[in-house]
Each structure stands twice: as C-alpha cells, then as structure tokens.
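Structure record follows, encoded as structure tokens.
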Amino acid sequence: MSRTRSARPDPRATLRGGLPDRYLTPDDIAEIFGVPLETVYQWRKKRTGPPGFRIGKHVRYDPADVRTYVTQQKSGDLAAA
C-alpha cells in the first residue's frame, strides 16, 4: 500500500520533536512556513531562507538548520522592534 500525502507525519512536528528521522523537503518547508513552493525555491536562489543542501538533484533541509534559521529570524525581529 502506498502512503498518501495525508499519511505523512506533519513536518512541523518533526521540528518540534528533536532530531528528525529524515531530512525535510522543499514541500515540507513550504508547509511549515505556509508559503507557496515557488517561494521556497526563490529563498534558496536568493539565499534568504533556511539553508538547504543537495543530495544529487534533490534539495533537502536539516531540521536543526531550519530551527536555527527561525530562531535567528525571531531574534532579528525582536531587535528591530
């Protein structure tokens, strides 16, 4: 039986639950931040979003790096306020 998208664990739970059992995909990042997938690709192109890395032709994100990125963004917002 194949797994459907709805059967996948919530990627936000992966970020909250400690170290992941898998790296996050661009689709996961789009879902976590509530943005279109194209925005995730633009962030990568402009180097403004969470850092990703390539495995062959696939882009993946380490949840620890995404967590650090979010923390930095929140710190920057607090300093600007």
Side-chain angles (χ1 to χ4, degrees):
M1 184 184 295
S2 66
R3 295 179 88 187
T4 62
R5 183 165 172 82
S6 62
R8 288 179 47 200
D10 181 355
R12 291 170 290 204
T14 302
L15 283 175
R16 290 188 295 265
L19 292 177
D21 57 351
R22 67 179 180 86
Y23 290 109
L24 301 171
T25 66
D27 286 326
D28 294 331
I29 298 299
E31 186 175 331
I32 288 167
F33 290 107
V35 298
L37 183 59
E38 184 59 32
T39 298
V40 176
Y41 288 123
Q42 287 299 314
W43 285 347
R44 181 158 168 78
K45 182 178 178 182
K46 296 176 184 177
R47 299 180 187 268
T48 58
F53 60 95
R54 285 200 169 278
I55 299 292
K57 66 179 182 174
H58 303 282
V59 176
R60 295 293 181 260
Y61 297 84
D62 185 330
D65 292 341
V66 175
R67 191 177 304 115
T68 298
Y69 169 79
V70 169
T71 301
Q72 290 170 345
Q73 295 302 304
K74 288 167 63 176
S75 296
D77 283 349
L78 291 175

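Heavy atoms only: backbone and side chains are in, while hydrogens, waters and symmetry mates are out.
Looking at heavy atoms from C-beta onward, L24 lies in side-chain contact with R22 at the 4.5 angstrom threshold. No side-chain heavy atom of V40 sits less than 4.5 Å from a side-chain heavy atom of F33.
Residues satisfying the side-chain hydrogen bond (donor to acceptor under 3.5 Å, both in side chains) criterion with Q72, sequence neighbours excluded, are absent altogether.
Residue pairs meeting the side-chain hydrogen bond (donor to acceptor under 3.5 Å, both in side chains) criterion with at least one partner in residues 33-43, sequence neighbours excluded, are E38-Q42.
Defined by atom type and a distance below 3.5 Å, a donor-acceptor pair is missing between the side-chain atoms of D65 and T68.
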Going by atom type alone, with no hydrogens or angles, which donor-acceptor pairs under 3.5 Å involve a side-chain atom of residues 44-60 and a protein atom two or more places apart or on another chain?
from : atom 1 : to  : atom 2 : distance (Å)
R44  : NH1    : G52 : O      : 3.3
R54  : NH1    : K57 : O      : 2.9

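A pairwise comparison of heavy atoms in Y61 and V66 identifies CB-CG2, 3.9 Å as the closest pair.
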